[in-house]
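The basis for the numbers below is simple: all heavy atoms, side chains too, and nothing from hydrogens, waters or symmetry mates. Fair warning: this is a prediction, and the values are worked out from it, not measured in the lab.
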Amino acid sequence: MDIQPADPGQRRRVAITLISAAIGLLAVVVAFELWLQHLSAQLDTLGLIAKIKPMLAVCLSLIAVCLAALGLHLVARGKRIVAERRFPPRDTRTIRDTPVREGDDAARIGLASQIGGLILCVVALAVTVLGWIWIHGIG
């Protein structure tokens with residue numbers, strides 16, 4: 001069985017990206033918590049809801065965009081795997097040593113990737129619709 005070797009540079013870039021995103025999001029959560037404490041001391045419940053409603057809409061929109069982007073990536077990745085009948089595709093930079101699968105095994109992986117991607121796109125649409133209903137039902 002062939003092994004596609006890991007790309008150490010890609011592994012470093014992925015680790016740096018994930019750590020940076022985690023630190024950035026932690027800073028956003030702490031800042032939001034402090035802002036919310038400050039705001040809740042000044043406003044009544046209805047005023048607080050009115051201030052937070054746009055933030056909830058933005059958060060739900062970002063969740064839907066991320067799900068849709070991942071779904072589209074999985075669909076494109078699956079299409080490429082099915083076309084080449086090889087997993088992972090030849091020029092893919094992997095973050096760990098990956099056993100190469102070819103033929104029907106690779107096509108099944110590609111099809112599963114496409115199905116998962118379509119499911120994520122449907123979930124993104126559901127988050128958008130249900131989020132819109134929820135946001136407009138608050139206050």
Side-chain angles (χ1 to χ4, degrees):
M1 174 179 280
D2 289 336
I3 300 289
Q4 184 159 329
D7 180 353
Q10 182 72 2
R11 185 181 301 162
R12 260 188 313 280
R13 284 186 292 278
V14 168
I16 289 169
T17 301
L18 291 175
I19 290 168
S20 300
I23 291 170
L25 290 173
L26 182 61
V28 167
V29 167
V30 169
F32 178 71
E33 178 70 27
L34 294 173
W35 175 78
L36 192 57
Q37 286 176 2
H38 174 73
L39 193 64
S40 65
Q42 295 177 353
L43 297 174
D44 62 343
T45 303
L46 291 177
L48 189 59
I49 289 172
K51 288 281 189 183
I52 291 177
K53 195 185 271 193
M55 295 179 106
L56 288 173
V58 168
C59 287
L60 288 170
S61 298
L62 289 173
I63 290 169
V65 166
C66 290
L67 287 170
L70 180 59
L72 292 173
H73 167 75
L74 288 175
V75 168
R77 174 182 172 257
K79 184 178 178 184
R80 191 164 160 219
I81 291 168
V82 169
E84 286 188 29
R85 297 186 60 79
R86 183 182 192 276
F87 173 80
R90 294 196 188 284
D91 61 347
T92 301
R93 294 180 297 177
T94 59
I95 60 172
R96 64 182 183 92
D97 292 343
T98 306
V100 174
R101 297 186 186 187
E102 295 182 313
D104 290 340
D105 285 344
R108 277 192 291 277
I109 292 170
L111 183 60
S113 179
Q114 290 175 318
I115 291 169
L118 290 174
I119 290 170
L120 283 177
C121 288
V122 169
V123 170
L125 181 62
V127 165
T128 302
V129 170
L130 294 174
W132 186 85
I133 291 169
W134 181 56
I135 292 294
H136 285 77
I138 295 176

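A single hydrophobic cluster is not seen to contain both Leu70 and Val14; linkage of ILVMFWY side chains at heavy-atom distances under 4.5 Å, directly or through other members, places them apart.
Considering only heavy atoms from C-beta on, Arg13 comes within 4.5 Å of Asp7 through its side chain. Side-chain contact between Ile52 and Leu36 is present, with at least one heavy-atom pair separated by less than 4.5 Å.
With hydrogens and angles ignored, the 3.5 Å screen pairs a side-chain donor or acceptor of His136 with a backbone N or O of Trp132. Proximity of a side-chain donor or acceptor of Arg11 to a complementary backbone N or O of Ile95 within less than 3.5 Å is detected.
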Side-chain atoms of residues 110-126: list all donor-acceptor pairs with protein atoms under 3.5 Å, sequence neighbours left out, distances to 0.1 Å.
| unit_1 | atom_1 | unit_2 | atom_2 | d |
| --- | --- | --- | --- | --- |
| Ser113 | OG | Leu74 | O | 2.7 |
| Ser113 | OG | Arg77 | NH1 | 3.3 |

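Atoms CG and CG, from Leu67 and Leu62 in turn, are 11.0 Å apart once rounded to the nearest 0.5 Å. Rounding to the nearest 0.5 Å places CD1 of Ile81 at 12.5 Å from CG of Asp105. Separating the OG1 atom in Thr92 from the CD atom in Gln4 is a distance of 6.0 Å, to the nearest 0.5 Å. With rounding to the nearest 0.5 Å, the separation of CD1 in Ile49 from CG in Leu56 is 10.0 Å.
Smallest separation of non-hydrogen atoms from Ala106 and Arg86: CB-N, 3.5 Å. Closest approach of Glu102 to Val100, counting heavy atoms only: CG-CG1, 4.0 Å. Closest non-hydrogen pair, Leu60 versus Gly131, comes out as CD1-CA, 3.5 Å.
For Asp97, the side chain to side chain contact (heavy atoms under 4.5 Å, CB included) partners are Ile3, Pro5, Ala6, not counting sequence neighbours. For Asp2, there are no side-chain hydrogen bond (donor to acceptor under 3.5 Å, both in side chains) partners two or more places apart in sequence or in a different chain.
Enclosure of atom CH2 in Trp35 by more than 12 non-hydrogen atoms of other residues, nucleotides or ligands within 6.0 angstrom is indicated.
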